[in-house]
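Here's the structure we're looking at; comments come further down.
Start at 1 with the first residue, then count along the sequence. Since the model is a prediction, treat every value here as computed from it, not as a measurement.
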Amino acid sequence: MQYIWAFLVGGAICVVGQILIDKTKLTSARILVFFVVAGVILGGLGLYHHLVEFAGAGATVPLPGFGNLLARGVKEEIDRAGAIGILTGGLKMAAAGIMAAVFFSFVAALIFEPKAK
């Protein structure tokens, strides 16, 4: 049942993104920023945690999950190190994901040849 809920919640997040693409004049970059900021706000308020417990990867994999991860990192680092945690917490918490994105982007750039538009 957990797989079904993960699929439905992750799919619902994607549906919201598709509706924003189809029905508004927002660019893809602005929609991505919207999702990350929404995750930060919901995570900062402690609301996104409930969705993560309910849907698992369906809530952590999409972009709001990244925003939630940043907010959680800041909260934990503020508790541990004080105000400096505002600057360092999100990066410490998300470092592995950011590094993986950079590494695999680099590998893809080595393998594939870009096409001029």
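Rounded to the nearest 0.5 angstrom, Arg30 CZ and Leu32 CG are separated by 12.5 Å. Here CG of Leu91 is found 5.5 Å from CD1 of Ile98. Values are rounded to the nearest 0.5 Å. Remark: Phe34 CZ to Leu20 CG distance equals 6.0 Å, nearest 0.5 Å. Interatomic distance, CG of Leu47 versus CG of Asn68, reported as 10.0 Å (0.5 Å rounding). Cys14 contributes atom SG, which lies 11.5 Å from atom CD1 of Ile19 (distance to the nearest 0.5 angstrom). Annotation: the span from Arg80 atom CZ to Lys92 atom NZ amounts to 4.5 Å, rounded to 0.5 Å.
Across Tyr48 and Gly43, no two heavy atoms sit closer than the pair CB-N, 3.8 Å. Taking both residues in full, the closest heavy atoms of Ala94 and Leu70 are given as CB-CD2, 4.0 Å, listed atom of the first, atom of the second, then distance. The two atoms that bring Gly10 and Pro62 nearest to each other are CA-CG, 4.5 Å, heavy atoms only.
Within a 6.0 Å radius of CD in Gln2, other residues, nucleotides and ligands contribute 12 heavy atoms or fewer.
No continuous path of hydrophobic side-chain contacts links Leu63 to Met99 [ILVMFWY only; heavy atoms under 4.5 Å]. Clustering ILVMFWY residues whenever any of their side-chain heavy atoms sit less than 4.5 angstrom apart, transitively, puts Val9 in a cluster other than the one holding Leu69. Under the 4.5 Å side-chain heavy-atom criterion for grouping Ile, Leu, Val, Met, Phe, Trp and Tyr, Val52 is not connected to Val74 through any hydrophobic cluster. Placement of Leu51 and Val37 within a single hydrophobic cluster is found when ILVMFWY residues are connected by side-chain heavy-atom separations under 4.5 Å, directly or transitively. Under the 4.5 Å side-chain heavy-atom criterion for grouping Ile, Leu, Val, Met, Phe, Trp and Tyr, Phe66 is connected to Ile13 within one hydrophobic cluster.
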Checklist line | Phe106 vs Val102, side chain to side chain contact (heavy atoms under 4.5 Å, CB included): CA-CA, chis, key distance, verdict | finding: CA-CA 6 Å; Phe106 179 72; Val102 170; 5.6 Å; no

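Judged as a ring pair (Phe, Tyr, Trp, His ring centres under 6.0 Å), the pairs with a partner in residues 5-27 (not counting sequence neighbours) are, in order, Trp5-Phe54.
For Asp79, there are no side-chain hydrogen bond (donor to acceptor under 3.5 Å, both in side chains) partners at least two apart in sequence or on another chain.
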